[in-house]
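Keep in mind it's a predicted model, so treat the numbers as computed, not measured. Start at 1 and go down the list; that is how both ligands and their atoms are numbered.
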Amino acid sequence: MSDCIFCKIVSGEIGASKVYEDKYTLAFLDINPVNKGHVLVIPKKHFDTVLDMPEDEGVALAKASVKVGKAVRKATNCEGINLLHNIGKAAGQLVFHAHVHLIPRFSHDSMRLGWDRKQYANSAEQEEFRKKVSEAVGK
Ligand code: AMP
Ligand code: ZN
């Protein structure tokens with residue numbers, strides 16, 4: 001994808017603070033970190049989101065994310081990490097080249113996920129969603 005900023009990082013057309021690379025993936029510092037040491041792990045091939053990736057590419061991305069996640073923890077002495085994919089505009093995705101965020105977290109940092117939890121109206125409604133999702137997995 002010629003107009004994709006992360007493809008340009010893979011090709012070397014634009015620079016990045018690289019921290020890890022293997023056959024399938026590349027990891028570099030996020031240019032606007034939520035906390036210092038915030039890393040993005042991306043597939044070298046272009047996919048709009050992680051849900052568009054074939055299984056072997058997804059496995060390679062997951063493996064690299066675990067490896068680099070351990071390194072981020074060691075390097076930053078963080079107390080936790082948010083491993084996040086933003087999939088789609090509604091979920092906050094701005095760059096449409098699949099990527100995993102590894103965000104080092106500290107008890108009193110300023111990041112807020114702001115989850116507003118809902119409840120199912122009743123067990124029948126919960127069962128309706130369980131069925132819908134499990135049937136979709138099977139397809
Ligand atoms: P998302 O909202 O999940 O699509 O996040 C995209 C991330 O890419 C943001 O956290 C940006 O700060 C980061 N980003 C955008 N351009 C660059 C770049 N050239 N180098 C490093 N990180 C970038
Ligand atoms: Zn791309």
Side-chain angles (χ1 to χ4, degrees):
M1 288 258 304
S2 55
D3 59 344
C4 170
I5 192 150
F6 288 176
C7 283
K8 286 181 180 167
I9 288 175
V10 173
S11 71
E13 197 179 324
I14 67 166
S17 298
K18 293 181 189 174
V19 298
Y20 174 75
E21 181 169 10
D22 61 31
K23 191 172 165 202
Y24 300 101
T25 70
L26 181 65
F28 50 89
L29 295 183
D30 193 296
I31 205 166
N32 291 127
V34 171
N35 284 321
K36 290 172 188 172
H38 177 171
V39 167
L40 300 176
V41 189
I42 69 169
K44 285 183 171 173
K45 260 199 217 166
H46 182 93
F47 301 98
D48 283 358
T49 81
V50 290
L51 298 189
D52 302 311
M53 296 177 70
E55 200 172 307
D56 57 339
E57 293 271 355
V59 168
L61 185 64
K63 275 186 173 175
S65 300
V66 169
K67 189 179 179 87
V68 179
K70 286 177 181 169
V72 167
R73 184 174 61 186
K74 193 172 168 187
T76 64
N77 283 319
C78 59
E79 297 164 57
I81 289 183
N82 282 113
L83 185 157
L84 296 174
H85 303 286
N86 293 327
I87 300 170
K89 211 170 161 189
Q93 187 176 7
L94 297 172
V95 175
F96 279 77
H97 178 127
H99 55 278
V100 174
H101 289 267
L102 291 168
I103 305 173
R105 296 299 310 275
F106 302 88
S107 312
H108 301 294
D109 67 22
S110 60
M111 181 173 168
R112 297 288 170 268
L113 286 172
W115 288 5
D116 177 18
R117 301 285 191 155
K118 311 287 184 295
Q119 285 185 333
Y120 292 103
N122 49 45
S123 56
E125 191 190 39
Q126 183 170 337
E127 174 58 11
E128 183 190 321
F129 279 87
R130 187 201 67 75
K131 242 174 136 175
K132 273 192 207 171
V133 177
S134 72
E135 282 171 14
V137 173
K139 280 172 195 160

Criterion side chain to side chain contact (heavy atoms under 4.5 Å, CB included) on Ile81 and Arg73, from CA distance to verdict: CA-CA 7 Å; Ile81 289 183; Arg73 184 174 61 186; 4.1 Å; yes

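- In terms of polar-atom proximity, Asp30 is counted as a contact of ligand 1, with an N or O under 3.5 Å from an N or O of the ligand.
- Of all the atoms in ligand 1, the ones that sit under 4.0 Å from a non-hydrogen atom of Leu29 are 21 (C).
- By the criterion of a heavy-atom distance under 4.0 Å, the side chain of Phe28, and not its backbone, is placed next to ligand 1.
- Vertex the Zn ion (ligand 2), arms ending at SG of Cys4 and ND1 of His97: the angle is 110° after rounding to 10 degrees.
- Between Leu61 and Val41, the shortest heavy-atom distance links the atoms CD1-O, 3.6 Å.
- Here is the list of ligand 1 atoms found below 4.0 Å of a heavy atom in Asn86: 1 (P), 2 (O), 3 (O).
- The part of Leu40 lying near ligand 1 is the side chain, judged by heavy-atom distances below 4.0 Å.
- Atoms of ligand 1 found under 4.0 Å from any heavy atom of His99, numbered from 1 in the order shown, are 1 (P), 3 (O), 4 (O), 5 (O), 6 (C).
- Here the shortest heavy-atom distance to atom 23 (C) of ligand 1, taken over Ile31, Ile5, Val100, Leu84, belongs to Ile31.
- At a 3.5 angstrom cut-off on N or O pairs, Leu94 counts as close to ligand 1.
- Heavy atoms only, all atoms of each residue included: Ala60 and Thr25 are closest at O-CG2, 3.8 Å.
- The aromatic ring centres of His97 and His99 sit 6.0 Å or more apart.
- The aromatic rings of Phe28 and Phe6 sit perpendicular, their planes meeting at an angle over 60°, well past the 30° parallel limit.
- Every atom of ligand 1 is numbered from 1 in the order shown, and the set under 4.0 Å from a heavy atom of Gly92 is 1 (P), 2 (O).
- Heavy atoms of other residues, nucleotides or ligands lying less than 6.0 angstrom from NZ of Lys44 number more than 12.
- Considering backbone and side-chain atoms together, Val95 places an N or O closer than 3.5 Å to an N or O of ligand 1.
- A salt bridge links Lys45 to Glu57: at least one charged side-chain nitrogen sits closer than 4.0 Å to a carboxylate oxygen.
- Using a 4.0 angstrom heavy-atom cutoff, Phe6 counts as in contact with ligand 1.
- Considering just the N/O/S atoms of His46, the one nearest the Zn ion (ligand 2) carries the name ND1.
- For the pair Met111 and Leu113, the tightest heavy-atom approach, listed with the atom from each and the gap, is CE-CD2, 3.6 Å.
- In summary, the side chains of Tyr24 and Asp22 do not present any donor paired with an acceptor at a separation below 3.5 Å, with no hydrogens or angles considered.
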